Amino acid sequence: MAVRVRFAPSPTGLLHVGALRTALFDFLLARHQGGQNILRIEDTDRSRYSEDSEHEFIESLRWAGITFDEGPHVGGPHVPYRQSERATSGVYVGPVSKLLESGDAYKAFDTTDELAAMRKAQEDAKEPVGYFGGAWRDADPSEVARAEAAGHKYVVRQRIPRGKVIAIDDPIRGHVEWSSDTLDDPVLLKADGMPTYHLAAIVDDHLMGITHVIRGEEWLPSAAKHVLLYRMLGWEIPVIAHCPVILGKDGKKLSKRHGATSVLEYRWEGYLASALNNFIVLIGWSPGDERELLTEQEMIDAFSLEGVQPSPGHFDLDKLKWMSGAHIRLLAADALFDAVKSYLEDPRTIEFWDSREAEPGKPSGHEIAASLTLLRDAIAKDPEYARGVVVLLRERVQTLADFGPGARFFFVDMPEMDPKAVEKWLTQPHVPQLFDSIVQGLDPIAQPTKEDCEALIRGYAEKHGLEKLGPAVHPVRVALTGTTAGPGLFELMELLGRSRIVARLRRAKEIAG
RNA sequence: GGCCCGGUCGUCUAGUGGUUAGGAUGCCGCCCUUUCAAGGCGGAGGUCGCGGGUUCAAGUCCCGUCCGGGCUACCA
């Protein structure tokens, strides 16, 4: 029987990296086993559901390259894939009546106030808190009939049996068991007629033929109730696996302080989806050998639930940055250029940087946005030139956004001068003469190659008895780029071309002189 | 309070009774070199949460303990 897994998020906000990992595990398991991956929207809490959020989830997942065989956006044999729609189409009424008839569930008419009072009393008495008996678990049928006839609102609760040991065999955590006496009676159907997660997830997983449930560890405590529900309904129990959480580097819950929390934010920051996936999947899972840089296919080939670690992992932004740079360097030149292009063509990239708060010691969001705009326009105007720039810069970027500031000097008429660099290299006495000699040397060469440029500068150094190339190279670099760091000078000169070089050397000579 | 889960360099991890506890990231150094990177090489960093036990031998098995986390909603 084919493996069928589902990612079943509740769209109430942004798609978090922890959720992305769960989705990735689902996807990898399905593809590894040649099964199906299903997206199901758990929106039974109508007060928290957001349509924007659902769209955001789907877009994030699409960007991440996580594909689904069935779902609200692609259809499939089990439509609808939104639980609210499934509720109105009545899929949960059958199981609820069955449970009611067999006595595995009962109607409870408690009011919110009554429940609160019960909880308070339990807390005060230091007793386990929950609906263990309540007023209605063992109520007389006539009393129930009377309450119902009076039109009182009720919920349907699951009747947890007493004195049983319930266990699951979780591929990630192994054997976990509970005494049913510690389990209270969960609400299955709310007073508004909507199912709770406990009911809806189990019914839908069964109806959709789900064989493996992968979910967050916050579900582990209620897994026993779910196992019981499957049994009460006479359904086969799928494999249930609980993933550990992802924490911030300081061990606290992942939050804004640790960097971005939503998947799309990483996109706008310029991370390749392949890098984010690779990084995320390695929190809590490893291929079992010493490989770390993995392609999607390699992840699929190596994935197994048993290889997932039960302990929580920490999100280390430094390692993500390294991995991001590594994935950029893994791309062939054309693929990289296309990635940069589509990154910049999405207007949200620039918007994102424009509205980003400044970090100390780094270019402001606004500056980055401006440099990215410059790159974007340069790609449109002269793709050949821009492509050369991107290729030249690939060794020194960590994200796609780094191409903006790095490439800036190629596209402005005159680069901004770093005062320290000017001070260090443009004030030396030989500089005006050095620049003159390069300008003169370039005169007969319409399109200087990097070899031409190297010959010119080496020639100058030799002629003037310089022991090292530095005193010739550095002033030229500052004149052409405005800074002391960057790509190889000769390569950069070839790309810049004669007229830009000459113009910049002349201007720098004025500054120097 | 009750129930459940977790605990190997700062971080991600390998490891399933016998290894000098391996790799990666980050940090430091060297090499390459026109700078910065990238790349190569090397270094520091772990009494495997702690305490007992079992065993010739324990990160690995058992017991206890501490710490961290989750759940304890008519949220998921």
Side-chain angles (χ1 to χ4, degrees), chain A residues 8-12 42-45 47-48 108 110 112 115-116 119 122-131 153-157 170 172-173 176-179 181-184 186-198 200-201 215-224 242 244-245 247 249-253 279 282-293 309-323 325-326 329 393-398 406 421 425 454 457-458 461 468-474 476-478 481 483-490:
Chain A
S10 187
T12 58
E42 311 239 324
D43 58 347
T44 53
D45 184 354
S47 64
R48 295 205 307 154
D110 310 78
T112 319
L115 289 175
R119 207 165 317 159
Q122 288 167 335
E123 276 167 16
D124 290 347
K126 296 209 187 293
E127 281 169 11
V129 175
Y131 205 91
K153 290 267 188 194
Y154 65 88
V155 299
V156 175
R157 285 183 186 269
D170 180 318
I172 297 177
R173 282 154 211 281
V176 182
E177 56 181 42
W178 296 262
S179 159
D181 296 341
T182 65
L183 272 26
D184 73 338
V187 171
L188 261 19
L189 205 64
K190 304 184 233 182
D192 67 0
M194 274 288 182
T196 61
Y197 173 90
H198 300 299
R215 46 157 54 157
E217 73 174 342
E218 69 273 17
W219 291 109
L220 187 52
S222 47
H242 296 93
V245 292
L247 304 168
K249 203 180 171 180
D250 56 7
K252 297 268 167 29
K253 228 180 121 184
F279 173 71
L282 251 24
I283 302 178
W285 176 79
S286 97
D289 50 42
E290 280 173 353
R291 287 177 299 160
E292 287 217 292
L293 253 27
Q309 184 128 28
S311 57
H314 297 73
F315 191 95
D316 181 358
L317 196 57
D318 282 332
K319 189 152 184 177
L320 203 215
K321 284 181 180 164
W322 164 76
M323 195 162 267
R329 263 158 249 126
L393 252 25
R394 70 195 300 192
E395 306 282 274
R396 45 216 108 211
V397 299
Q398 287 188 314
W425 292 109
E454 180 161 8
I457 288 184
R458 282 197 188 279
K468 286 186 173 176
L469 226 43
V473 163
H474 298 315
V476 176
R477 172 188 300 285
V478 173
T481 73
T483 70
T484 55
L489 182 63
F490 312 133

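The sequence lines fix the lettering, A, B, ..., with proteins before strands; numbering per chain opens at 1. Remember, predicted model here, so these are calculated numbers, not experimental data.
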Short side-chain N/O contact to [N] OP1/OP2 from [X], under 4.0 Å:
X: A:Arg119; N: B:rA73; value: yes
X: A:Arg157; N: B:rC74; value: yes
X: A:Ser286; N: B:rA14; value: yes
X: A:Gln309; N: B:rA14; value: yes
X: A:His474; N: B:rU34; value: no
X: A:Trp178; N: B:rC3; value: no
X: A:Thr483; N: B:rC36; value: no
X: A:Lys190; N: B:rC75; value: yes

For [N] and [M], measure between their [atom1] atoms and round to the nearest Å.
N: B:rA57; M: B:rG52; atom1: P; value: 15 Å
N: B:rC66; M: B:rC30; atom1: C1'; value: 44 Å
N: B:rC61; M: B:rU25; atom1: C1'; value: 33 Å
N: B:rA24; M: B:rU8; atom1: C1'; value: 15 Å
N: B:rC62; M: B:rG10; atom1: C1'; value: 32 Å
N: B:rG46; M: B:rC9; atom1: P; value: 10 Å
N: B:rC12; M: B:rG69; atom1: P; value: 15 Å
N: B:rU16; M: B:rU60; atom1: C1'; value: 6 Å

For A:Ile457 and A:Phe490: C-alpha separation, side-chain torsions, deciding distance, then whether side chain to side chain contact (heavy atoms under 4.5 Å, CB included) applies. CA-CA 9 Å; A:Ile457 288 184; A:Phe490 312 133; 4.0 Å; yes

Does the pair A:Leu317 and A:Phe279 meet the rule for a side chain to side chain contact (heavy atoms under 4.5 Å, CB included), with working shown? CA-CA 10 Å; A:Leu317 196 57; A:Phe279 173 71; over 6 Å; no

Taking [atom1] from [X] and [atom2] from [N], how many angstroms apart are they, rounded to a whole number?
X: A:His242; N: B:rG6; atom1: NE2; atom2: C1'; answer: 15 Å
X: A:Asp181; N: B:rG2; atom1: CG; atom2: P; answer: 16 Å
X: A:Leu115; N: B:rA73; atom1: CG; atom2: P; answer: 10 Å
X: A:Leu317; N: B:rG10; atom1: CG; atom2: C1'; answer: 15 Å
X: A:Phe315; N: B:rG10; atom1: CZ; atom2: P; answer: 21 Å
X: A:Leu247; N: B:rU11; atom1: CG; atom2: P; answer: 11 Å
X: A:Gln398; N: B:rC36; atom1: CD; atom2: P; answer: 16 Å
X: A:Lys253; N: B:rC71; atom1: NZ; atom2: C1'; answer: 13 Å

Nearest to the side chain of [X] - [options]?
X: A:Thr182; options: B:rA76, B:rC3, B:rC5; answer: B:rC3
X: A:Glu292; options: B:rC74, B:rC5, B:rA24; answer: B:rA24
X: A:Arg396; options: B:rG1, B:rC36, B:rC74; answer: B:rC36
X: A:Pro221; options: B:rU11, B:rU35, B:rC71; answer: B:rC71
X: A:Lys126; options: B:rA76, B:rG6, B:rG1; answer: B:rG1
X: A:Ala485; options: B:rU25, B:rC36, B:rA76; answer: B:rC36
X: A:Glu395; options: B:rA38, B:rG6, B:rA76; answer: B:rA38

Taking for each residue the nucleotide of RNA chain B bearing the nearest heavy atom, is the 5' side occupied by A:Arg329 or by A:Leu282?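 In this pair, the answer is A:Leu282.
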
For A:Asp192 and for A:Glu290, locate the closest nucleotide of RNA chain B by heavy-atom distance; then report the residue assigned to the nucleotide nearer the 5' terminus.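 Final value for this comparison: A:Glu290.
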
Could you tell me the Watson-Crick or G-U partner of [N], where both distances fall under 3.5 Å? Say none if there is no partner.
N: B:rC75; value: none
N: B:rC50; value: B:rG64
N: B:rG18; value: B:rC56
N: B:rC27; value: B:rG43

Plane angle bin for A:Trp425 and A:His474 - parallel if under 30°, tilted between 30 and 60°, otherwise perpendicular: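 Correct class here is tilted.
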
Separation of A:Thr483 OG1 from A:Arg477 CZ (nearest 0.5 Å):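 Rounded to the nearest 0.5 Å, the CZ-OG1 separation comes out at 7.0 Å.
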
For [X], which contact category applies under a 4.0 Å heavy-atom criterion: base, sugar-phosphate, or nothing?
X: A:Val155; result: base
X: A:Leu489; result: base
X: A:Asp184; result: nothing
X: A:Arg48; result: base
X: A:Phe279; result: nothing
X: A:Thr44; result: sugar-phosphate
X: A:Gly486; result: base
X: A:Pro487; result: base
X: A:Gly325; result: nothing
X: A:Ser311; result: sugar-phosphate
X: A:Val176; result: sugar-phosphate
X: A:Lys319; result: base

If you measure from the Lys or Arg side-chain nitrogens to the Asp or Glu carboxylate oxygens, is any gap between A:Asp192 and A:Lys190 under 4.0 Å?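 Looking at A:Asp192 and A:Lys190, the cut-off is not met.
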
Where do [X] and [Y] come nearest, in terms of heavy atoms and distance?
X: A:Trp322; Y: A:Gln398; answer: N-NE2, 4.2 Å
X: A:Pro244; Y: A:Gln309; answer: CG-O, 3.2 Å
X: A:His242; Y: A:Gly216; answer: CD2-O, 3.5 Å

Assess the residue pair A:Thr44 and A:Thr196 against the criterion (side chain to side chain contact (heavy atoms under 4.5 Å, CB included)); give the C-alpha distance rounded to whole Å, side-chain angles, the decisive distance to 0.1 Å, and a yes or no. CA-CA 7 Å; A:Thr44 53; A:Thr196 61; over 6 Å; no

Tell whether A:Asp316 reaches the base of B:rG10 with its side chain through a donor-acceptor pair below 3.5 angstrom.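 Between B:rG10 and A:Asp316, which were checked side chain against base, a qualifying N/O pair under 3.5 Å is present.
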
